[in-house]
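By convention in this document, chain letters (A, B, ...) are assigned in the order of the sequence lines, proteins followed by strands, and residues within each chain are numbered from 1. No experiment lies behind these values; they were computed from the predicted model shown.
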There are 6 protein chains.
Amino acid sequence: MANKPDPHLMADMTWPEFDARVKAGAVAFIPTGALEQHGPHLPLGVDHLLPTAIALDIARQVEGMVAPAIPYGYKSYTRSAGGPFFPGSTGLDGATLTAVLRDVIREFVRHGIRRICVLDGNYENLWFLNEGIDLAMRELGETGLKVMCLQHWSFLTPETLARLFPDGYPGIELEHAAVIETSMMMHYYPHLVRTDRIPDNPSVAAPPYDMWPPHRHWVPESGALVSAAAATVEKGRIIAEQYRRDIAAAVRHEFLSAADGVATA
Amino acid sequence: MANKPDPHLMADMTWPEFDARVKAGAVAFIPTGALEQHGPHLPLGVDHLLPTAIALDIARQVEGMVAPAIPYGYKSYTRSAGGPFFPGSTGLDGATLTAVLRDVIREFVRHGIRRICVLDGNYENLWFLNEGIDLAMRELGETGLKVMCLQHWSFLTPETLARLFPDGYPGIELEHAAVIETSMMMHYYPHLVRTDRIPDNPSVAAPPYDMWPPHRHWVPESGALVSAAAATVEKGRIIAEQYRRDIAAAVRHEFLSAADGVATA
Amino acid sequence: MANKPDPHLMADMTWPEFDARVKAGAVAFIPTGALEQHGPHLPLGVDHLLPTAIALDIARQVEGMVAPAIPYGYKSYTRSAGGPFFPGSTGLDGATLTAVLRDVIREFVRHGIRRICVLDGNYENLWFLNEGIDLAMRELGETGLKVMCLQHWSFLTPETLARLFPDGYPGIELEHAAVIETSMMMHYYPHLVRTDRIPDNPSVAAPPYDMWPPHRHWVPESGALVSAAAATVEKGRIIAEQYRRDIAAAVRHEFLSAADGVATA
Amino acid sequence: MANKPDPHLMADMTWPEFDARVKAGAVAFIPTGALEQHGPHLPLGVDHLLPTAIALDIARQVEGMVAPAIPYGYKSYTRSAGGPFFPGSTGLDGATLTAVLRDVIREFVRHGIRRICVLDGNYENLWFLNEGIDLAMRELGETGLKVMCLQHWSFLTPETLARLFPDGYPGIELEHAAVIETSMMMHYYPHLVRTDRIPDNPSVAAPPYDMWPPHRHWVPESGALVSAAAATVEKGRIIAEQYRRDIAAAVRHEFLSAADGVATA
Amino acid sequence: MANKPDPHLMADMTWPEFDARVKAGAVAFIPTGALEQHGPHLPLGVDHLLPTAIALDIARQVEGMVAPAIPYGYKSYTRSAGGPFFPGSTGLDGATLTAVLRDVIREFVRHGIRRICVLDGNYENLWFLNEGIDLAMRELGETGLKVMCLQHWSFLTPETLARLFPDGYPGIELEHAAVIETSMMMHYYPHLVRTDRIPDNPSVAAPPYDMWPPHRHWVPESGALVSAAAATVEKGRIIAEQYRRDIAAAVRHEFLSAADGVATA
Amino acid sequence: MANKPDPHLMADMTWPEFDARVKAGAVAFIPTGALEQHGPHLPLGVDHLLPTAIALDIARQVEGMVAPAIPYGYKSYTRSAGGPFFPGSTGLDGATLTAVLRDVIREFVRHGIRRICVLDGNYENLWFLNEGIDLAMRELGETGLKVMCLQHWSFLTPETLARLFPDGYPGIELEHAAVIETSMMMHYYPHLVRTDRIPDNPSVAAPPYDMWPPHRHWVPESGALVSAAAATVEKGRIIAEQYRRDIAAAVRHEFLSAADGVATA
């Protein structure tokens, strides 16, 4: 446990500290994720733990602040996260996730925040988050609010992917509990990686459609859609560095550039 | 940061570990709280930080497991939490909070959980949590599910209150960011208490009704409804001990007694 | 049945009469209640009958007008109203009650009303009423609308409680179909009290939490949580007088004082 | 005010009395209406006052019981009720009205009621009531529940209409605050009819479509769509008799006939 | 299939063509209908096919444009459309139909459209469409938007009905898959009428109320509530001509007259 | 216009014909799309016109039936469809689209359908369709229902993409109104392609995140995200053939194989 309040975590701030950040025009980061199976070697919290860590990294670059993560996300789909069969995969209805984000944005705007970055770590969340942002924008009308929404892996460049996957990138849909997430957990939360249980199963070959009820046989026993054996803490560091640099740059570009009318941090 | 996974935190578990707990009949604790002003001396996260700590204490007594806290709660009301004026007080709509809890319960039941304890730390949450539980029960039909819902301060006995408040207990509605919560934060999260800023303002005297728009003048400048000056880490320890003993006893009584058909832990 | 229209009941007014009241700045009272068991001696309608009578009393003091009561309310909880087991206890979903009040307020504002007092008689209703008011305020934006919300028993002073309960007040949560409500019914609706069936069972001792499914054994057979044997018509008169004086004073203070910019009635 | 409880009004019953009625298989009548302008001579409450009176008449025929009226209804439409312009016309959103009826039915079924008659007095309510019934039926599944829904004027036969309108029936859409409703109020609630203000304006000639925003000029100043001058208490008596006979017969036919498996009252 | 884009169908337009129409102040027609049984001789799509054809006819008169039909509508009721028993009768929940129309109107207004005509072909849709329009108007505030809503048969004059029904008009509620709809299909979509299967069953005599579960025996085997044997293509032509003339006139009157401030087409 | 009913289109069928198809176990195809800008050369209806044509092709292979297309879809996003700026891009709220599909599935199941294929043509629709299917499955419980959901372009194999894009595939997100959709429209609806206006603008280079309010400068003036100049009717034919073969095979595999217990068509 830390020995003093983290100056970039909202939950640690007193209200006068929060207010000072808001008045300084700080970007508010909202990490979103899930409670969801991540193979036999990673914990259920990966999808909200990683965005929280990434957001904190970036908030420190831009003097932003990180809201409490929304720890429950949309339902696990079979082709992208192994499906609902897996114990622990806990999915909100889409409308619920949308409502939570809409409400939090509405309140942040009421407090004076005008720059929000939703940083997601659960593939299936994206469109329900988009909708939450859109509903908040429509309801709030003209406030000057600007919202950025991103899934962290979208910032991985071809060059980085080539370093992470010397044998070829299988695509983000299969990258569940695999090399990217395992490496990042090794970097940010090493104590939560069960290195003795990293799966090395072959990739699944899912068809180009979904089925209800979902097919259990489309998913490997382990819950990892491809092998995670090639994960390393060094790869985690490479990813974290790219995010720290490139997501921060995007945040500065959209929120803190001259065009935005506010001096950069 | 811990150096190994906490065996009682869901977010730290792998799915096989989670599954083993479920199959053993473990009680699942869902901490619920808020992001809300707590005076100049306590952080915005008090209402979800405390239930998380309490739940973990109890889970260790009964071999239960603690789900990720629902960190955003219902709106801050003026007479009980200072009102929406305060920077950082971030309120969900009632229907949103209800939906989150209903969805999480539905999913936990799908995974085989049949004993759930909702442990709340935000006074205004209660009825929207009750409704979430009720809607889940109705939707799920006959499953054997049992849900307990409590706000931790309800377990403070007259004897304990007499020890905490030698000069008389002002009542829970005014106990916001005051002696109870400050003492508990000193016990569980000492690094988050700004001891040099503990307010000592006189109590407010709110009338027996609410007004919309809310009256700012009903609330002291600090956001603390009564003085927190009498808070001590020792009082925090007393409270924590009572919870550990009495909430655990209630959990055992309702979920793990012979009448429940399951051996106690 | 009355032999002429009551000039303070909305349902009795023609539209030109209603319009004249609105243009005079009248306070609109909305009684809210429930259809719910009230022991073997009181009718199911107690919780909407009492607020209607109280509101009419006060409307006559302040030249206000009383809207039709919302006769169905939120679900009966075991510890405060005996629970859903009892025949006749008819609970709306929280979102339904919230929507009804939001809609009625929206419409009253459209007609020009700017002072509304929600006068509740069903303990479990409160937070869903609060939410209905809050949603209406947010949707309506800047209109000058002011809303007061109260549960009548909150206006009972310690002095009055000492007169009503010479042996000590058991607290409002147990005061269901007991001394307060029975006395008030004796005062306002004597023909509806079955005086030969007033229960005298000992109090329940409910634990500090709720359970789902609810425990039937937490509630006495009669549905009265404590004895109502000490109820008298004189106590009803005392309560009614206090409400007539103190609620009317609060209404004048918030709505009709000089600060409000409108002459008192 | 009555001098004893009405044995056919739910709100007057104690829970054991209610339970006895349910166990006897009583039909539950739910009157539904509105708070809505009814010309310069009738009160805003007509649409819920009349169904309550009619339902009570019929309940006495068939040993049924009358639930508290749902006093707020769907929005006043210009061609059928004068439109939203009129002070006092207070419209719920359609989804709100639907939810209230669905919830009440769900609860009545939980208490054992299997025969429900929704008796409506507000033209615009019908389809939102239908939907509330349909949603309740779908949610409840196989319970044996049977629901009848009617608007009282549908039971007026050509013969009766010929007696009421010797010069020809203008059609139900224009019959707002006109001969039928005024005569019925004279019969059931004579003290609420301002006989000195009965309007005698010519009929409107509304086109075969609706417009938003609604056209104020489609409606006479008075709010009565046709003349009510021909209303008499005798006509009210004729209508009430027909309802008492024919609605009761329909209720017996659907709910209490041999085919229904229950002895008639 | 047509050999060039229809200049009055939105779905056929490119966005610059659509934009040009909007800037010219064109009326947007939204056909609404259902997928619902229409006897053994007419297809399930009658209720959306007819309004599409009628709307196109009128759009050509007034240089309007026709949006894609909303092809699914509200539930089939027994007395007016044969009920849910019939294979193919596919009913949306009321709230769903309301939401679709509200959303489409909101978006059309965002694009600059200010004149909308909702042209319905499914009797049961009306009030849920009304509600969708009302919710959109309220949400949008002051935009200058005007919306007309009509069901096409309301434009049939007594003179035309006399020509169509020499033996007397049975009323629109029974006119399902009968003379009017069959004749119109013969006129607009002759290839979809199975002339060898036109039913000639006697009329049903439905009572003046609805029942849930619905009574199958209230409806003829064929699904046609009255005989359609008298349908002819000539009658279809008569109806189409009247609509073309009178609905276009109403559209011009409400939207394009001098009073509206826009030159007629 | 066709000269006889299409035996595979639901809207063309009578109810007995529909019923016969259902009893034969036919797969029901639900095309879903949008009304949305597709550059200066393609009509607004592309996204529902194409799935309708594809579904009909496949229904003819497998003796299925095609439901009326849901013609309005989710909101146009800037990076994938040009954004809401473009005239004609008409987006439903996510919850609305979800509700429509849920309702249609519920009704089809009520009629006896157990095999449904949702065939989507609007990239942004997918997750709201998934949610609609999921909610329907949950509500319906155990019925044997199986639902397939696909976006047609997911069936394009690397081999086909190599033929369509000799210079490299830009990825589906940019393929809006570009080579694939333009070629398919040339194949299925040649009369709707304005061949003289096919845009040849360079590709956009959108960043890896979304912004609200959306940036207009991320999208080319034309609305086409990449050049469509290489579109040909031959490429359209290639795509159509692949879909006819491979989607039909997938449908047979999931719904009509021996494992499914039903003979193939």
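When all heavy atoms are compared, the tightest approach of F:Ala11 to E:Pro43 is O-CB, 3.0 Å. Among all heavy-atom pairs drawn from F:Thr14 and E:Arg197, the shortest one is OG1-NH1, 4.1 Å. For the pair E:Tyr72 and F:Ala67, the tightest heavy-atom approach, listed with the atom from each and the gap, is OH-CB, 3.3 Å.
The line from CH2 of F:Trp15 to OG of E:Ser222 is 8.0 Å long, rounded to the nearest 0.5 Å. One distance of note links CZ of F:Arg194 with CD of E:Glu17; it measures 4.0 Å at 0.5 Å rounding. Atom OG1 of F:Thr96 and atom CZ of E:Arg102 lie 5.0 Å apart (nearest 0.5 Å). Taken from CD in F:Glu107 to CG in E:Asp93, the straight-line distance is 8.5 Å, to the nearest 0.5 Å. Here CE of F:Met10 is found 8.5 Å from CG of E:Leu44. Values are rounded to the nearest 0.5 Å. Atom CG in F:Leu49 sits 7.5 Å away from atom CG in E:Asp12 (nearest 0.5 Å).
In terms of heavy-atom pairs under 4.5 Å with chain F, the best-connected choice from E:Ile113, E:Asp103, E:Val193, E:Leu9 is E:Asp103. Taking chain F as the reference chain and counting heavy-atom pairs below 4.5 Å, the highest number among E:Ser89, E:Ala95, E:Pro40 is found for E:Ser89. Listed options E:Pro5, E:Gly112, E:Gly45, E:Ala99 were ranked by heavy-atom pairs under 4.5 angstrom with chain F; first place goes to E:Pro5.
Heavy atoms of E:Phe86 lying under 4.5 Å from chain F belong to its backbone as well as its side chain. Looking at E:Leu42, only its backbone comes within 4.5 Å of chain F, counting heavy atoms on both sides. Both the backbone and the side chain of E:Val100 come within contact range of chain F, judged by heavy atoms closer than 4.5 Å. Contacts between F:Pro68 and chain E at a heavy-atom distance below 4.5 Å involve backbone atoms as well as side-chain atoms. Only the backbone of E:His41 comes within less than 4.5 Å of a heavy atom in chain F; its side chain stays farther off. With a 4.5 Å cut-off on non-hydrogen atoms, E:Ala69 touches chain F through its backbone but not through its side chain.
A donor-acceptor pair is defined here as one N or O able to donate and one able to accept, closer than 3.5 Å; no such pair exists between the side chain of E:Arg110 and the backbone of F:Pro87.
Under the 4.5 Å side-chain criterion, counting only non-hydrogen atoms from C-beta, F:Thr90 is in contact with E:His111. Looking at E:Phe18 and F:Leu35, their side chains never come closer than 4.5 Å, going by heavy atoms from C-beta outward.
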